[in-house]
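The block underneath contains the structure these notes are about, expressed in structure tokens.
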Amino acid sequence: MGKAVTSHRTPKPTSPLRANSAFRQHRELDSLMHTLIKNVLAATEPKDAVTVKGWVRTRRDAKGFSFLELNDGSCFGSLQCVVDAGTPGYDGIAHFTTGASAVIEGKLVASPAQGQKWELRATKIELIGEADASYPLQKKGHTLEFLRSIAHLRPRSNLFGAVFRTRSRLALAVHEFFQSRDFFYVQTPIITASDCEGAGEMFRVTTLMGKPDAKSEADFFGKPTFLTVSGQLEAETFACALSNVYTFGPTFRAENSNTARHAAEFWMIEPEMAFCDLAGDMDLGEEFIKAMARYALEHCAEDLAFFSKFVDKGLNERLKFVVERPFVRVPYTEAVEILNKSGKKFEFPVSYGQNLQSEHERFLTEEHFKSPTTVFNYPREIKPFYMRLNDDQKTVTAMDVLVPGIGEVIGGAQREERPAQLAENMKFHKLNEQDYWWYADLRKYGTVPHAGFGLGFERLLMFLTGVSNIRDVIPFARTPGNAEF
RNA sequence: UCCAGAGUAGCUCAAUGGUAGAGCACGCGGCUGUUAACCGUGUGGUUGUAGGUUCGAGUCCUACCUCUGGAGCCA
């Protein structure tokens, strides 16, 4: 240990968006520290003294020297280091095995061989921490199932490094999208007492462990509390004050869902706009998805190239298509007609008043329109109380954005802003008005038409990376029976 | 939760009801500006768990567990 691990100061900011900001103040210190491999590989000319720190991906020994491939996760690629016998530290070369951490100093030179532009001719190598022979990540491909069982190590693999770099950049893109449109970021509570909209089974939050007979009045908050299933109702209160707001945070559903697109803990993005109707809501949803696709193409090109090659061959085409073409918009009633006239045999029959099944959604977006599709104006019976009743008295201003391969990515609506109608909606859905007194107050004091939607961040990532299981786009997945890490 | 499929070495997979094997990983030796390096060699197993059928079960039967795909709930 010692010197090798002492420099942990924030390296220079490298986000293109922060290039000229005050965040660059540590830049001068960079030369005293190590250089991220991302910056080494982007060099435009040879350099005399470079120090890199990372984890050994592989070592290939030759007579009299070795190739060490070092990766620090700062970018997709690894740096090939050439270490001659006799280089300080070479006597311990056998310990530089896959997974070991190391510091390498050397000269950056143009590589004489195919496969890489630059390589580091080592002048000194130092082992930081060796990797036990049982290190499970091999140089060969692994199944996603196996990698899930080593979630603490999988970020060191090509795929998961790419996924989580992309996730980070898109999280920033979410904020930039909304902030640049004058939306304010609202942090809605994670612990909540309201059963909200019946959006799903909830996790109970309590300090009454081991006291099964205790009344909820004796609980920490003096009433039953849960982990939030949505920040929407709270976001509405802020939209009715700051005009345009969004949430971006963890959401919890205690459903016993066992699918590739459900998790018990996931991140949801919920914009809410005052003085906005359903059309404006659909516009925002479409713009948002297009902007995310564009951002990924522009800022995650290297990682996307990997996804296109090994995860989803059609990814780049699809993202370009999404960016360039308008989404299809179709009323629910018309969607049902299309499905009925399709001549296609569905496992579940299509009929008005029923929710669209996965197979129906897939047909619309993958076969019929071959495009992301927004379905709107659903029957009120199958949608929550807060959605605005249309003049036909039968449908509500709901909208779902469906994308090929994933299904529903966005669920949203224009909200019911008329106090009497909101009360009627609650009766219709057999809800207790008293439980929503503060929500109803928004309609009592200066009500405005407003609209918003919820978007699953992980589902968005699945769509943008081609990764087909939600467990593989979230760092540590929580699903029924699984919270190991 | 329902339907279907699968659990064999650290990983990926073979094995008619009849002596459990290969590749990779790992160890050792060799070779080479190599790049999923290569060649030789060695180590490595309570066949998911518990029962049952049989002279004999990785293989057939029952239950359970786990995972995968599909469905429901949704984002």
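Below, chain A is the first sequence line, B the second, and so on; all start at residue 1.
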Say we look at B:rG72 and B:rA14: how far apart would their P atoms be, to the nearest angstrom? 31 Å

Rounded to the Å, how far apart are A:Arg59 CZ and B:rA37 P? 12 Å

To the nearest Å, give me how far apart CD (A:Glu408) and P (B:rC73) are. 10 Å

Winner on side-chain proximity to A:Thr58, out of B:rA37, B:rA75, B:rU34, is B:rA37

Do the side chain of A:Arg253 and the base of B:rG72 come within less than 3.5 angstrom through a donor-acceptor pair of N or O atoms? no

Expressed in angstrom and rounded to an integer, what is the separation of A:Gln116 atom CD from B:rU34 atom P? 11 Å

If I take atom CZ in residue A:Phe252 and atom P in nucleotide B:rC74, what distance separates them, rounded to the nearest angstrom? 20 Å

Name the pairs: protein N/O against N/O of nucleotides 66-71 of chain B, kept only if under 3.5 Å.
unit_1, atom_1, unit_2, atom_2, d
B:rU68, OP1, A:Arg148, NH1, 2.4
B:rA71, OP1, A:Arg362, NH2, 2.2
B:rA71, N6, A:Asn258, O, 3.2

Determine whether any donor atom in the side chain of A:His262 lies under 3.5 Å from an acceptor atom in the base of B:rC74, or the reverse, and answer yes or no. yes

Which nucleotide in the set B:rG33, B:rA75, B:rU12 lies at the smallest distance from any side-chain heavy atom of A:Ile470? B:rA75

Would you call A:Arg156-A:Asp72 a salt bridge at under 4.0 Å N-O? no

Mind checking side chain to side chain donor-acceptor pair (under 3.5 Å) for A:Tyr135 and listing every partner two or more places apart, or none if nothing turns up? none

In Watson-Crick or G-U wobble terms, with both distances under 3.5 Å, the base opposite B:rG27 is B:rU41

Tabulate protein N/O versus nucleotide N/O from nucleotides 22-31 of chain B, keeping only pairs under 3.5 Å, one per line.
unit_1, atom_1, unit_2, atom_2, d
B:rC31, OP2, A:Lys63, NZ, 2.7

What is the distance, rounded to the nearest whole Å, between atom CZ of A:Phe463 and atom C1' of B:rA75? 15 Å

Using atom C1' of each nucleotide, how far apart are B:rA50 and B:rC65 to the nearest Å? 11 Å

Testing B:rC11, B:rG33, B:rC73 for proximity to the side chain of A:Glu255, the answer is B:rC73

Would you mind pulling out the nucleotide paired to B:rC60, Watson-Crick or G-U wobble, both distances under 3.5 Å? B:rG52

